[in-house]
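Computed over heavy atoms, backbone and side chain alike; hydrogens, waters and symmetry mates excluded.
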Amino acid sequence: LPFSAAANLRPGAEQKVVFITARVHPGETPSSFVCQGIIDFLVSHHPIAKVLRDHLVFKIAPMLNPDGVYLGNYRCSLMGFDLNRHWANPSPWAHPTLHGVKELIIDMYNNPKINLEFYIDIHAHSTMMNGFMYGNIFEDEERFQRQAVFPKLLCQNAEDFSYSSTSFNRDAVKAGTGRRFLGGLLNDTSYCYTLEVSFYSYVLGGAASAVPYTEEAYMKLGRNVARTFLDYYRLNSLVEGPLAPTPKTR
């Protein structure tokens with residue numbers, strides 16, 4: 001679902017693109033609710049959403065594994081593949097959704113008028129609590145530090161997001177994931193993350209007990225992910241009037 005405003009598409013204007021994918025693992029249903037929160041917020045009349053649409057292009061693939069979801073699979077596709085291990089060389093026959101999305105990302109990467117700045121793949125986690133992120137490890141210390149900025153800002157905006165649970169790795173077993181593959185492909189101004197959210201609950205700072213996640217709480221995390229781009233790009237001064245509450249989808 002491409003969302004863009006005319007200001008982004010003026011001839012010669014550079015397009016800053018945020019690419020978001022979800023549900024590559026069909027059993028991770030919370031990822032769809034988080035993605036729904038992002039989409040609903042971006043197309044809303046909220047003043048922050050308007051500023052984001054004016055300055056960024058969002059491209060969202062809300063379901064990378066539709067056949068696996070339809071069949072009720074937990075992790076694999078119709079062909080029995082864990083698609084999140086095949087980003088390096090996806091087959092147009094065996095991994096068609098992955099192949100198509102990867103081709104689109106590479107086309108954008110090779111387009112001099114497009115700056116692919118973020119890739120975020122949304123998942124759900126069966127043992128950890130809260131929302132958190134996985135990022136990549138780079139030899140360049142400055143690039144590594146810059147990568148930490150977005151999750152730190154998200155932690156300030158979302159009470160259920162945990163920066164302390166956020167980690168950066170390059171485990172061999174994760175080499176075929178979207179976050180790892182695109183982190184090695186894109187240039188050093190691009191940031192690639194896996195956004196994880198717990199299947200069951202989150203713990204607020206200083207609280208003694210966990211709060212069960214609801215569909216609305218997942219969508220709220222999605223809205224907060226979208227809002228964080230306003231802080232990241234320092235667009236706060238462009239928001240007109242007092243900030244309205246973030247709209248609820250349900």
Side-chain angles (χ1 to χ4, degrees), residues 1-5 8 15-26 28-66 69 97 101 104-105 108 116-125 130-135 149-162 166 178-179 182 190-199 202 213-233 235-236 239 243-250:
L1 299 173
F3 302 120
S4 56
N8 285 316
Q15 295 183 36
K16 294 183 177 179
V17 173
V18 175
F19 206 108
I20 298 172
T21 58
R23 209 68 185 273
V24 70
H25 292 143
E28 297 176 7
T29 50
S31 67
S32 282
F33 292 113
V34 174
C35 192
Q36 186 70 45
I38 294 173
I39 294 171
D40 288 348
F41 181 74
L42 289 175
V43 300
S44 74
H45 297 294
H46 195 284
I48 290 178
K50 182 181 183 302
V51 170
L52 292 176
R53 293 195 301 266
D54 286 344
H55 290 83
L56 300 167
V57 175
F58 291 88
K59 293 192 177 288
I60 303 175
M63 191 172 286
L64 284 181
N65 196 342
V69 171
T97 53
V101 168
L104 175 59
I105 290 175
M108 289 191 299
L116 182 55
E117 304 220 324
F118 280 89
Y119 172 75
I120 300 176
D121 189 27
I122 309 174
H123 288 250
H125 206 284
N130 293 67
F132 58 95
M133 279 180 155
Y134 292 127
V149 172
F150 187 84
K152 285 181 177 178
L153 291 173
L154 179 54
C155 188
Q156 295 174 8
N157 289 334
E159 61 181 4
D160 59 319
F161 183 85
S162 170
T166 293
R179 181 257 307 180
L182 293 173
S190 303
Y191 302 102
C192 300
Y193 304 96
T194 299
L195 172 62
E196 297 272 3
V197 63
S198 173
F199 267 101
Y202 57 95
Y213 264 114
T214 62
E215 293 178 11
E216 173 56 34
Y218 287 130
M219 288 188 278
K220 182 179 179 181
L221 176 59
R223 295 193 294 269
N224 284 326
V225 169
R227 292 175 71 116
T228 300
F229 288 106
L230 187 83
D231 299 325
Y232 182 85
Y233 287 102
L235 300 171
N236 306 68
V239 178
L243 287 184
T246 308
K248 290 187 177 182
T249 42
R250 300 191 180 186

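Looking at residues two or more places apart in sequence or on another chain, you find no ring-ring contact (aromatic ring centres under 6.0 Å, His included) involving Phe19. With sequence neighbours excluded, no residue forms a side-chain hydrogen bond (donor to acceptor under 3.5 Å, both in side chains) with Glu159. Under the side-chain hydrogen bond (donor to acceptor under 3.5 Å, both in side chains) criterion, Asn157 pairs with Thr228, Asp231, not counting sequence neighbours. With sequence neighbours excluded, the residues forming a side-chain hydrogen bond (donor to acceptor under 3.5 Å, both in side chains) with Asp121 are Thr21, His123, listed by chain and number. In this view, Tyr232 and Phe118 satisfy the ring-ring contact (aromatic ring centres under 6.0 Å, His included) rule, not counting sequence neighbours. Considering only residues two or more places apart in sequence or on other chains, Thr97 meets the side-chain hydrogen bond (donor to acceptor under 3.5 Å, both in side chains) condition with none of them.
Distance alone, capped at 3.5 Å, is enough to place a donor-acceptor pair between the Tyr218 side chain and the Ser198 backbone. At least one donor-acceptor pair closer than 3.5 Å links the side chain of Arg179 to the backbone N or O of Gly135. Ser31 places no side-chain N or O within donor-acceptor distance of the main-chain N or O of Ala22, the cut-off being under 3.5 Å. Here the side chain of Asn130 pairs a donor or acceptor atom with the backbone of Asp160 at under 3.5 angstrom.
Taken to the nearest 0.5 Å, the OH atom of Tyr193 stands 11.0 Å off from the CG atom of Leu195. In this structure, the separation between CD1 on Ile122 and NE2 on His25 is 14.0 Å, given to the nearest 0.5 Å.
Side-chain contact between Arg23 and Thr29 is present, with at least one heavy-atom pair separated by less than 4.5 Å. Lys16 has its side chain within reach of Leu56: a pair of non-hydrogen atoms, C-beta onward, lies under 4.5 Å apart. The shortest side-chain heavy-atom distance between Met133 and Phe161 falls under the 4.5 Å cut-off. Contact annotation: the side chain of Ile48 approaches that of Leu52 to within less than 4.5 Å [non-hydrogen atoms, C-beta and beyond].
Taking the six-membered ring for Trp and the full ring otherwise, Phe229 and Phe150 have centroids separated by under 6.0 Å.
Residue Gly131 comes nearest to Tyr213 through the heavy atom pair N-OH, 3.6 Å, listed as atom of the first residue, atom of the second, then distance.
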